[in-house]
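Chain A is the first sequence line, chain B the second, and so forth, proteins listed ahead of strands; every chain is numbered from 1. Excluded from the calculations below are hydrogen atoms, water molecules and symmetry mates; all remaining heavy atoms, backbone and side chain alike, are included.
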Amino acid sequence: MKLSPVLAALLLCAAAPGAFAQDTSIKPEKLTIRPHISDGPHLFVLDFGMNGSSPIYVYDTKDFKLEGSIGTGSFGQMLMSPDKKTLYTASDYLSRYTYGTVEAVIHEWDAYTLEKKREFTISPKMAQTISQTSVLNLTSDGDFLLVQNATPATSINVVDLKAGKDLVEIPTPGCWGDYPTLKGNAFTTICGDGKIVKYSFTADGKVADPAKSAQIFDPDKDPIFTHGARAGKDMIYVSYSGHLYAVDGAGDAPVVTKDFAFGEAGWAPSGNALLAYDPAAKLLFVQMHSNPSDGSHKNPAEEIWAVNLETEKVVGRSKANGETGIFLSGGDTPELFGIDYMGGAHRYEIANDGTGKLTLKNSSEHVAIFPTIAATDF
Amino acid sequence: MKLSPVLAALLLCAAAPGAFAQDTSIKPEKLTIRPHISDGPHLFVLDFGMNGSSPIYVYDTKDFKLEGSIGTGSFGQMLMSPDKKTLYTASDYLSRYTYGTVEAVIHEWDAYTLEKKREFTISPKMAQTISQTSVLNLTSDGDFLLVQNATPATSINVVDLKAGKDLVEIPTPGCWGDYPTLKGNAFTTICGDGKIVKYSFTADGKVADPAKSAQIFDPDKDPIFTHGARAGKDMIYVSYSGHLYAVDGAGDAPVVTKDFAFGEAGWAPSGNALLAYDPAAKLLFVQMHSNPSDGSHKNPAEEIWAVNLETEKVVGRSKANGETGIFLSGGDTPELFGIDYMGGAHRYEIANDGTGKLTLKNSSEHVAIFPTIAATDF
Amino acid sequence: MTRIFDRFIKRLEGASEKHLRVSARKLGRRSFIAQAGTVLMGSAVALPVLPFDRRAHAAGTDEGSDPCTYWRHCAIDGFLCEESGGSLTSCPPGSSVSAVSWVGTCNNPEDGKDYLISYNDCCGKPLVPTASYCYMNKGERPGYRMGLYNDVNWCMANTDKGYHCTVSVVMGLAD
Amino acid sequence: MTRIFDRFIKRLEGASEKHLRVSARKLGRRSFIAQAGTVLMGSAVALPVLPFDRRAHAAGTDEGSDPCTYWRHCAIDGFLCEESGGSLTSCPPGSSVSAVSWVGTCNNPEDGKDYLISYNDCCGKPLVPTASYCYMNKGERPGYRMGLYNDVNWCMANTDKGYHCTVSVVMGLAD
């Protein structure tokens, strides 16, 4: 099918009224494909689609110039590999777009050429849910993808990346999320009884009995967000009211190593990917909104607070720009990126004085229609 | 899968903090599906989609209130059956939305319940082209659908509706369109050499030799639009410059029964579905724009002219509203509907004094993002 | 050959403004229902001037025109079926009703009572972008309380899983 | 849970205005190339006041800001690859080049010569709605002159048939 485009055009020119006069002084231009995005730093933003594709747009971080895009299916989820070379996506394709057979597909995209490296189908039980960090993760050694299912009964699908297929489905009734432990083939999930439960499995698909924590939070009175942030050995969660829990999943069962309220009256956390931990500054960034009320837990951010996990103090408060999610780059001096509920994106510099004060470097008002999740390649 | 929704909700309520207290004085509401659209007249508007679905919106013609919708695939085409009971659509479904296997699908929709009556796949050679009246038609007795193919080599796919599958592919190189003849299993197509060619076939798929007209138009100097309008025994076509051709396809080969220029200096026809013939008033309506130039043949309409085919005169000129297509209802006193390039729709009353003067009755500024074709159910 | 985004989009803009107004109002909402169980640290009531609500202010505050503020929509997340060819309690013609649903507890200002609301998605057809999009989260909980979670496609258990629109059906009194 | 149409749409609105301005200008274009063979009955040059170009006038007439007016785009119908991650002559990373294309004949104002332009679609990824959408039809012909027809998806002959964007490649001088 891949005729030379020039040849093909010439063939079709036979039908054109003006014949093609080759002038030796005029060199025809060469039609090419840009082989890869630029070598600079980029932000990948997923544009959530319920009907049809969830495209991913790739922006130069310095000016938010579009450098390319990737097309995924409906209810798209994405995850950048630790080496920043592979973008994993999980999404659904409906055979008749809004009805018909559902195929849940894992894609591996080259984050530099934006070409598809591989795709394969997994269990269609995959949750059809807003893009979030809790539902698509890699195990510690990168051998397995952990995929949240919901039918609405919940389970975790362990996907063997070497084999390119499902390994085992682990029932996790009443629980949500699949954050991997730092070592081994295991993950923790947050349950409706206020406990966090650890599941371990072997490479051949044997699943150990779940190991439950003590009750950590009260899901009726002060539920925690399912978006967590890894901070060293702990996973950090916050509650609707602004209570923080550090949970160590390394042992037999998850244990809370630290918990404290970091808020103040009139402010509460909110958003989707509302946390980001900066290991360089040792600070947790949290999206906050004022005048909270029942139902305001998804409000756009008015401020972004920096919490020192050692001192358990809010050390800095910065003006936000309506963020629904914040994301940190890697590197020695990470940058913070925000995507806002109006479809824009923002890049912040983090003060290196321990205050976590943010300085807005640049913004774009339109990076996506409904940006839900973002990642950097640096 | 179809649990009672009430039951399902109750099951899930087990997880809710507030228990469900049944008060005998409060009757739970019943969740239903609206069984059909209203009994009044409706306009069906296709919203062309290149990526993803081409939805069809169904509007009450009196106030353009939305009464329902239908989802088709990409590059949607549609055709209302003569009895107004069945809406045929033809569209493509790509297995990965923007790549992968293409399935070309014929749908039969109940135009009253908006339910799918049937669907089946046809040859994926189907043309991926803007919705237009020339590419999807029913033969005179309604037994066969005529579907334009383009790979880009052109052919017509004859689809057997009783069997629900392709009957025969008829090569029509250098030609476009498949308007059925008034009788028999035959259609005419417009060719790049300025001729109109008739193809006949039998119910078991035997195809007779094509029968060519004399040269009718000059495709270099003054091409005709492929959108034609049936007016009694003739199909009416107009050229970019405003020359009209009436072509009778009943005989062995198509013949021009009448041709004349109806325009005037400074005006030319333009648009997609730019013609509509009113058999009650015996008038042809044509979308016109001023100050034509090379490339203006798709301009939105500034005026809609009424041409008397008997007297070969323009008998009325009415202000247009940027229409790209006009469509007539049936009935003793047909109404004219326009869809405009800004996504709006307009309903016009036709004067019954022979002038074809149009009176705008009501409009909607937003019936679709990219309305390409419309049909009425009356 | 591609989509021409135009007037239709104007209407979408309108929907956005509605959504914004809702956000602004929600931030200032007095009705903090203790029963739902969320403990927050404050409930100040002044309408804040937010960095992101400039359009809300610019657009005025005609609450009556915003269908999302209708009491029973207090935990809805979706496009309204009543503007998609259906009604408050009926799916549009030719669609299917979600086999499962999430629930909310909403206060009816007419009688002051709390009602249990079933939010069902209608399924199998494309969403209608001109319909109002409402995003209300009273009593909403994450996926570990699935029956209260609204960031999921509740058409998931149907044969036809495409999201079309959402209805809000009164199930009865909440205690 | 659904799309929030917002700022992005603002940008789309901008694209529409551009398209409108193009329409208005096209109506007044002087360059009536006889070679292309279309005989029209008039070629008045005054910019008309059309019923549908009110936004074009309202938006001003900054021609320089409209990428669709670049000379080689004279018969383009599509979203510009140069704003989709590619360039005037290159497809964005990871997409494929259409195996077939349509052609146009455009006048280069720099040297006054007519050039043959190949309009290729880039394929296999979703279209980028923030890219400028251009709809120019100089010398365009219906489907019976397929090589000059632009209302068709020129990704049709590729393995990956999804429409992504369009490039305008100079093939050489037209005679």
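Heavy atoms only, all atoms of each residue included: C/Val97 and B/Thr32 are closest at CG2-O, 4.3 Å. Of all non-hydrogen atoms in C/Leu127 and B/Tyr57, the two that sit nearest each other are O-OH, 4.2 Å. What you find for B/Arg34 and C/Gly86 is that their closest heavy atoms are CD-CA, 4.4 Å. Contact detail for B/Leu66 and C/Glu83: the closest heavy-atom pair is CD2-O, 3.6 Å.
Within the 3.5 Å criterion, the main-chain N or O of C/Val169 finds no donor-acceptor partner in the side chain of B/Glu29.
Using a 4.5 Å cut-off between heavy atoms, C/Val167 contacts chain B through its side chain alone, with no backbone atom that close. Of the atoms belonging to B/Ser69, heavy atoms from both backbone and side chain fall under 4.5 Å from chain C. Interface remark: B/Lys65 contributes no atoms to any contact with chain C (heavy atom separation under 4.5 Å).
With sequence neighbours left out, B/Glu103 forms a salt bridge (Lys or Arg N to Asp or Glu O under 4.0 Å) with A/Arg96.
Rounding to the nearest 0.5 Å gives a distance of 13.0 Å between CD of B/Glu67 and OG of C/Ser84. Here the straight-line distance linking atom CD1 of B/Ile33 with atom SG of C/Cys123 works out to 9.0 Å at 0.5 Å rounding. A distance of 12.0 Å separates CD1 of B/Ile70 from OG of C/Ser95, quoted to the nearest 0.5 Å.
Each of C/Pro93, C/Gly94, C/Pro126, C/Ser90 has some count of heavy-atom pairs under 4.5 Å with chain B, and the biggest count is that of C/Pro93.
Within a 6.0 Å sphere centred on NZ of B/Lys117, heavy atoms belonging to other residues, nucleotides or ligands number more than 12.
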